[in-house]
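Presented below is the structure to which this report refers.
Every chain is numbered from 1 and lettered A, B, ... according to where its sequence line falls, protein lines coming before strand lines. Only this structure's heavy atoms are used, side chains among them; waters, hydrogens and symmetry mates stay out. All of these numbers come straight from a predicted model, not from anything done at the bench.
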Amino acid sequence: MDSDDDFNSQVSSEDMDLDLNDADSSVDFGANDSDVDFDDEFQDEGAFDTQDKDMKQQKKAFEVDFKVYSPEDIQAQQDKQVAEVATLLEQPHEQTAILLRFARWNKERLIEQYMDNQEEVLEKAGLGQDIARDPPRIETVDGFVCDICCEDEPGLQSFAMKCGHRFCINCYRQYLGQKIREEGEAARIKCPGDGCNKIVDSKSLDLLVTSDLTDRYHELLMRTYVDDKDNLKWCPAPECVFAVECGVKKRDLSRIVPTVHCDCKHDFCFGCTLADHQPCPCSLVKKWLKKCEDDSETANWISANTKECPKCNSTIEKNGGCNHMTCRKCRNEFCWMCMGVWSEHGTSWYNCNRFEEKSGTDARDAQAKSRQSLERYLHYYNRYANHEQSARLDRDIYFKTEKKMTLLQNQSGLSWIEVQFLENASQALQQCRQTLKWTYAFAYYLARNNQTEIFEDNQKDLEMAVENLSEMFEKPVESLAGLKVEMMDKTSYCNRRRIILLDDTAKNLKDRKSRTESESGDEGMLTMTTENWEFNVELS
Amino acid sequence: MSSNKRLMKELGEITASPPEGCTITPPTEDMFIWDVTMEGPTDSVYAGGKYHIQIVLPKEYPFKPPVLSFKTKIYHPNVSNDERGAMCLGMLKAEEWKPPNKISEVLKLVRAVLAAPQPDDAVETGIAEQFKNDRKSFDKVAKEWVGKYAK
Ligand SMILES: [Zn+2]
Ligand SMILES: [Zn+2]
Ligand SMILES: [Zn+2]
Ligand SMILES: [Zn+2]
Ligand SMILES: [Zn+2]
Ligand SMILES: [Zn+2]
């Protein structure tokens, strides 16, 4: 079995960069050559090491190497890089930091340019003269008039950098305060002097920035470090302070969906920073979201919470995540998504997830064609949106259940640990529905061939597993304790089906030995082909 | 507050020696709204036109740039063709504005842009295209608008 082939060994084909092959080593930080030191630093810490080994053992085709860093880690990395470059350039720490920020943390380029033309680099970085010899200071100058506030009282304190643009310290502070607080600038604030491009160095900033802004200022400086590095990204979760490192490059995004897991529990795509969207590649996600936005009116009715029973027409409300519906009136069991008979779902002949092209339609009829393409879109959108909605309902019902269970705990004697199985089940449901949701966007773009059937089978299997688990949450709370074993089984089955689907899809995706992109003129479609798959993407 | 001294000084200077082609009506109630009448530059298509320009100073002035709007309609690639009549280029952009910059400099810039539009930095891309590719038609419409709105 080749399921252990991870991304890194798969891409070691001739067209890949060397640094990707190295991504297995614990840190692939910045450019390829100079990063050995970071390996040393972090390998000393046992935690990182073990975590990596564990990851390697279990790694599947859809998993990527990544690392989560705290603000302290990020600071330490910056300091270390500064120290190293400072020794090389024989410049003080402060100046080196400015130079590195100026060079957007591209060490190699900075060193090269510096060796080439030291004066020019210093000048451009706003370090025209040696700060170390003559540190910045606040002064009182006779006859000084501030050109900003026009104050001229004797003894007025003022400040100027080497460019000589002198302003009173109140104005200087207000200027810097506005840049830092409102405009989020830190590393590249220019002198307030008219037309002056000299960058306010951090020594001057330390002297002038008021204490209430120092934290914000240092935070911004740290932000630029992560923002400037291609292999680092801030976790997009609100309030989260962690950054994630991942070696997957932009050009790899058509073949892998790099989902990373932040320590704050948020799963996001390192490529586009949206919430986890495996197995659908970033470019298709973007296309799909755009399409949904453009067609939102057509598809609006889908988010409705009520539908009519296909048998007796009485109104049915969906209040749980499960799509297996039973009409209260006529006891008809049907599927919320396709409105078809439930008993046929899960059998090999019934397809709820697949869109069947109607064969009888005249392909030359433009109207029929456009109706068919709308139907096709709605088929996938319906299921996409439904899993999103169901995930929400699943979560609501879990919270309600959990509350009731906690109340019941005292009476039933169930311990906290024993209630954990509910949380695990709920988490599995959320994750699986997230995956299912994106399988429908993926399938929308996928052209039909014999490989797609395997994909659809995987999709169907996961979907059935999910609905079966979801259904259990709608059981009376009192009976849940007795269903614990069954629920745990169903939970692990869901997780297993999800891994199979993702692994299978990821393997097919990254296999691009014969990958081609061609435009077929008459349809306005772009066809992307991998070894086993073909995608049809509308050109916009 | 602290910007008062600066404002008074600027106002004094600008009324004593206004930039060429500009008349400043001293603000009466609100110190932060200045009304300016600008004559179209003589060697431009706007010659003979009189433009009412309102300058609104943000409360952070001079740390933030003044906001400029043409109250008189003008056919120009750098002035938005709507009720705001906004112009935003060069030092009027937040990232290019520096606190020592003065309103008189802003007015000089505006007048220079009237004389020489900057189509590559346009707000009205359609007008900019016409200015670049069909100067004759542009001149014609611009002059028409002078007669229609700026007399
Ligand atoms: Zn001042
Ligand atoms: Zn300066
Ligand atoms: Zn996070
Ligand atoms: Zn993505
Ligand atoms: Zn019914
Ligand atoms: Zn169905």
Checking Lys5(B) against Asp152(A) for the salt bridge (Lys or Arg N to Asp or Glu O under 4.0 Å) test, could you report, in this order, the C-alpha distance in whole Å, the side-chain angles of both residues, the deciding distance, and whether it holds? CA-CA 10 Å; Lys5(B) 196 160 183 173; Asp152(A) 55 0; 3.7 Å; yes
With sequence neighbours left out, which residue pairs that include part of residues 98-142 of chain B fulfil the ring-ring contact (aromatic ring centres under 6.0 Å, His included) condition? Tyr75(B)-Phe138(B), Phe131(B)-Phe138(B)
Might you point out which heavy atoms bring Asp194(A) and Pro100(B) nearest each other, and give the distance in Å? N-CG, 4.1 Å
Atom NZ of Lys190(A) and atom CD of Glu95(B): how far apart are they, to the nearest 0.5 Å? 9.0 Å
Got more than 12 heavy atoms from elsewhere within 6.0 Å of NZ, Lys290(A)? no
Enumerate by number any residue of residues 101-125 of chain B whose heavy atoms lie under 4.5 Å from heavy atoms of chain A; in the absence of such residues, state 'none'. Asn101(B), Lys102(B), Glu105(B)
Heavy-atom donor-acceptor pair, Lys98(B) side chain to Cys196(A) backbone, under 3.5 Å: yes
If you count every heavy atom of other residues, nucleotides or ligands that lies below 6.0 Å from Lys93(B) atom NZ, does the total exceed 12? yes
Side chain / backbone / both / neither for Cys171(A) at chain B, heavy atoms under 4.5 Å: both
Pro192(A) and Pro99(B): which non-hydrogen atoms are nearest, and at how many Å? O-CD, 3.9 Å
Counting only heavy atoms not in Glu20(B) (residues, nucleotides, ligands), do more than 12 fall under 6.0 Å from its CD? no
Can you sort out the partners of Lys64(B) under salt bridge (charged side-chain N to carboxylate O under 4.0 Å, His left out), two or more places apart, ordered by chain and number? Glu182(A), Glu60(B)
Taking all non-hydrogen atoms of both residues, which atom of Phe63(B) and which atom of Tyr175(A) are closest, and how far apart? CE2-N, 3.7 Å
For a 4.5 angstrom cut-off between non-hydrogen side-chain atoms, does Glu151(A) reach Arg6(B)? no
Heavy atoms only, distances under 4.5 angstrom: which of His165(A), Glu183(A), Gln178(A) has the most pairs with chain B? Name it, please. Gln178(A)
More than 12 heavy atoms from other groups under 6.0 Å of NZ on Lys73(B): yes
Checking heavy-atom separations under 4.5 Å from chain A, one finds in residues 144-151 of chain B none
